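Here is the structure we will look at.
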2 protein chains.
Amino acid sequence: MSKNIGIKELAKIANVSIGTIDRVLHNRQGVSEKTRQRVLALIEQHDYKPNLLAKHLASRKQFSIAVLMPASEDNPVWQPYVQGIEKAARDMEKFSVTVDHLPFDQYDPQSFENAAEGASAYDALLMVPLFEKAAMRLKDNFARQGKSCLCFDTNLPEGDEHLFIGQHAFQAGRLCASLLNYTVPADRSLLLVNLGRKAGYHLNFWGRENGFNSFFKGKDAPQRKLIAYEGPIEQANHLEQGIAEILQKSPNIGGIYVPNSRVYWVAHILEQLQRTDLILLGFDLIPENKKYLKRGTIDFLINQHPENQAYRGVEWLMQRLVFGEKAEPGSTPIDVVMRENLEE
Amino acid sequence: MSKNIGIKELAKIANVSIGTIDRVLHNRQGVSEKTRQRVLALIEQHDYKPNLLAKHLASRKQFSIAVLMPASEDNPVWQPYVQGIEKAARDMEKFSVTVDHLPFDQYDPQSFENAAEGASAYDALLMVPLFEKAAMRLKDNFARQGKSCLCFDTNLPEGDEHLFIGQHAFQAGRLCASLLNYTVPADRSLLLVNLGRKAGYHLNFWGRENGFNSFFKGKDAPQRKLIAYEGPIEQANHLEQGIAEILQKSPNIGGIYVPNSRVYWVAHILEQLQRTDLILLGFDLIPENKKYLKRGTIDFLINQHPENQAYRGVEWLMQRLVFGEKAEPGSTPIDVVMRENLEE
DNA sequence: AGGCTATCTGTGGACGTACACGAAACACAA
DNA sequence: TTGTGTTTCGTGTACGTCCACAGATAGCCT
């Protein structure tokens, strides 16, 4: 009904011109204290909200968003993120916002630095902070310039007021523990497989690992034997041998937890060893994992909704830039996928 | 860099006035076929995208969206939907879109009809089509007037090209079956509890029930004894008695599936009977259910992300109205919630 | 009072699009 | 040729805001 009041009406009521109102709104100098107060009161009183569309139109600004994220060629995990970014880029175009993907090598800190360099020219930043120190620096840089910066997929440790879109890794780990605890008989033990802890083993993996372990600690936590196996990242044949050995040595193992997307390696090995009876749980709906999920070798996968995460990240930044909003980014559900709810 | 081309530049290039460009863009009559083709070619060639901010500013249109949904007082299930709608209403305001909730009584078809009556004046419709025939009529009405109509939460059966945001009930049912199949030892049977099938037992419930049953049918489906219990909806004491009896008669039952939000009734009864050892699975994160989930009486809840569903529904309609887009509404993940990933 | 700052305020033209109105161009019959 | 009607096109104003510039007002000095 009562359509929002505009700068013009406001001027009429205050008996000043729109120029004055404008100056007050942007608290620029050149307006007497008396009028300023009067105008401010009226703004308050009439609950004036600037028309963001008109505002943005008049101030002919073009915004740009940088997305700092590994190249999708490195790892299929990043593929859907890229898709989300691309879709967002298309959708944001209408708000005069351009989105660029600045790829880096997820195993090479220097490449991150280089990409970060390029990001400084943008108005806002969306990044996967795989390299902690460099990411922190970059974030602080943006903060200092009053520009928004949002992390996704992986969160930085000191997350006080930190802006993040993604799964809570620790919680996800706990959920996995609970799921295995439900599905594996109580007298059997669980195996945690860490693939390639040294290289590119990023914060998310730690969180998932810690969350998993935390489930079995504490006073009335379920008693369950846990075995940890630290596998190599590169040599697949070493891994096969290692897993074969550990399964032989501990025939009591009933379930395996892989806190990252490389669970398909383990799936492959289990099929080789004809041990598909074990409950296998891992992360990410990449094609290889889906394959084994369909066959039943992998039993559960935790989905992060990557396309959605990336899209929402860009959207959130756009809303800040264009509309000046500052809502909570909101978290990503920890989505359990089984053969039965695998889409497509 | 190359800032988007505008209607003005386009006019200059085409050697016509902006008026003509405008007519071509809105394919209104009054422009010769020759010029139209020329302009269209240029539009294509320069990849012209109208500036939506300006567009919306100039066309002083006010859109309205009606949301046909049960009143949240009827049932806590609807509470988060209302919140989603309200948040959407706030966010859509800047696009001059108003959103009204037209509540109806989920058990009273007549109240649905009444609400539907009121909806006809709106530009678009978002509804929970609990009453099939009336909903179909309403939907067709909107379609006939070229207005958008979107269902959420519950889908209409003939969903050929039908627009829907929400969970796939059948798939959700299958997932639940699988989950119980994993967590309940193979030699124990499962109980399916239908609460109040007659009154307000809507399509979603059927889908979840059928999906569940389908899991155990087919050639290499797991063999498992299923027991179905049809409980009364109103008399809680009857229910308690009924469940107690059936548990006594079939002591082999290892898990219970309740295909709707009333799982907390069963949880309450299980606590009374001191049978919290049973795996209990149901739907919706309403406060009562959360309570029992935290305590461990309920083991799994399927979340529908209702706020999100409602919000996305409104947003989708807004995008159609304001921006004229026609993307797929996208589906809702089937989110498994356990004690460990219950938020807050 | 006239002149001169310094401070305060109003005006007008953008931004890119929508739309009403009216002008021009054309066709065709008288 | 003129008149009439129809099709095709251009112009002007508006949307709500930003911003540069010009205009007004007041204070003070000579």
Side-chain angles (χ1 to χ4, degrees), chain A residues 2-40 42-43 46-63 92-98 321-324, chain B residues 2-40 42-43 46-63 93-97 123 321-325:
Chain A
S2 67
K3 52 175 304 183
N4 261 343
I5 197 171
I7 205 175
K8 233 179 213 162
E9 293 89 322
L10 217 48
K12 205 173 295 172
I13 302 173
N15 252 331
V16 292
S17 75
I18 60 168
T20 304
I21 304 284
D22 185 62
R23 274 179 287 268
V24 173
L25 283 174
H26 299 79
N27 42 277
R28 274 185 298 220
Q29 59 179 10
V31 42
S32 72
E33 195 49 35
K34 211 173 51 183
T35 353
R36 156 163 276 125
Q37 289 308 332
R38 189 156 43 98
V39 171
L40 281 175
L42 282 175
I43 286 176
H46 290 82
D47 188 34
Y48 165 78
K49 300 247 185 61
N51 182 323
L52 292 161
L53 301 176
K55 178 182 194 122
H56 186 252
L57 179 62
S59 81
R60 31 205 152 293
K61 271 185 211 132
Q62 295 269 101
F63 293 109
M92 298 308 120
E93 204 175 5
K94 43 174 169 298
F95 298 106
S96 315
V97 174
T98 57
L321 288 174
V322 178
F323 301 133
Chain B
S2 67
K3 53 175 303 185
N4 261 341
I5 199 171
I7 204 175
K8 233 180 213 161
E9 293 89 324
L10 218 48
K12 206 174 296 172
I13 301 174
N15 252 330
V16 291
S17 76
I18 60 168
T20 303
I21 304 283
D22 185 63
R23 275 180 286 266
V24 173
L25 283 173
H26 298 81
N27 43 279
R28 276 185 295 220
Q29 59 181 8
V31 42
S32 71
E33 196 50 33
K34 209 173 51 183
T35 353
R36 156 163 274 123
Q37 289 308 333
R38 187 155 46 98
V39 171
L40 280 176
L42 282 175
I43 287 176
H46 290 80
D47 189 35
Y48 166 78
K49 300 251 182 58
N51 181 324
L52 291 163
L53 302 176
K55 179 184 191 118
H56 189 252
L57 181 62
S59 84
R60 30 201 155 299
K61 271 186 207 135
Q62 296 270 101
F63 292 109
E93 202 176 4
K94 48 173 166 297
F95 299 106
S96 311
V97 173
D123 298 312
L321 288 173
V322 176
F323 301 136
E325 307 196 339

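Below, chain A is the first sequence line, B the second, and so on; all start at residue 1. Because the structure is a prediction, the values reported are computed rather than measured.
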Upstream residue (5' side of DNA chain D) when A:A58 and B:I18 are each assigned their closest nucleotide: B:I18
Have a look at A:H26 and say if it touches a base, only the backbone sugar-phosphate, or nothing, with a 4.0 Å heavy-atom cut-off. sugar-phosphate
Let me know the distance between CG of A:L53 and C1' of C:dA18, rounded to the nearest Å. 15 Å
Check the distance between D:dA20's P and A:D22's CG and give it to me in whole angstrom. 10 Å
Between P on D:dC15 and CD1 on B:I7, what's the gap in Å once rounded to a whole number? 19 Å
Measure NZ/A:K12 against C1'/C:dG10 and give the value in whole Å, please. 15 Å
Give the nucleotide from the list C:dC15, C:dC19, D:dC9 with an atom nearest to the side chain of B:K8. C:dC15
For the side chain of B:V31, counting heavy atoms from C-beta on, which of D:dC9, C:dA18, C:dT9 is nearest? D:dC9
Given DNA chain D, 5'-ward residue of the pair A:L57 and B:G30, judged by closest heavy atom: B:G30
Stepwise side chain to side chain contact (heavy atoms under 4.5 Å, CB included) test for B:I21 and B:Y48: CA-CA 11 Å; B:I21 304 283; B:Y48 166 78; 6.0 Å; no
Base, sugar-phosphate or nothing for B:N51? Non-hydrogen atoms, less than 4.0 Å. sugar-phosphate
Roughly, in whole Å, what's the span from CD in A:Q62 to P in C:dG16? 9 Å
Less than 6.0 angstrom separating the ring centers of A:H56 and A:F63, yes or no? yes
Does D:dT17 have OP1 or OP2 under 4.0 Å away from a side-chain N or O of A:Y48? yes
Starting at CZ of A:R36, measure out to CD1 of A:I43 and round the result to the nearest 0.5 Å. 9.5 Å
D:dG10 OP1/OP2 closer than 4.0 Å to side-chain N/O of B:S17: yes
When you measure from the side chain of A:H46 to the backbone of A:L42, do you find a donor-acceptor pair of N or O atoms at a distance under 3.5 Å? yes
In this structure, how many angstroms lie between the P atom of D:dG10 and the CG atom of B:L10, rounded? 13 Å
By the 4.0 Å heavy-atom rule, please label A:G6 as base, sugar-phosphate, or nothing. sugar-phosphate
Does a nitrogen or oxygen in the side chain of B:T20 sit under 4.0 Å from OP1 or OP2 of D:dC9? no
Separation of C:dC19 P from B:I21 CD1 (nearest whole Å): 16 Å
Of the options D:dT17, C:dA18, C:dT17, whose atoms approach the side-chain atoms of B:A54 most closely? C:dT17
A:N15 has an atom CG; how far is it from atom P of C:dC8, in whole Å? 19 Å
Go through the steps to decide whether B:L52 and B:V322 satisfy the test side chain to side chain contact (heavy atoms under 4.5 Å, CB included), and finish with yes or no. CA-CA 8 Å; B:L52 291 163; B:V322 176; over 6 Å; no
Has A:T35 got a side-chain N or O lying under 4.0 Å from the OP1 or OP2 atom of C:dC8? no
Are A:I13 and A:I5 close enough that some pair of their side-chain heavy atoms sits under 4.5 Å apart? yes
Does a nitrogen or oxygen in the side chain of A:R23 sit under 4.0 Å from OP1 or OP2 of D:dC18? no
Would you indicate which nucleotide in D:dC18, D:dC9, C:dC8 comes nearest to any side-chain atom of B:S32? D:dC9
Check this one for me: any side-chain N or O of A:K55 less than 4.0 Å away from OP1 or OP2 of D:dC18? yes
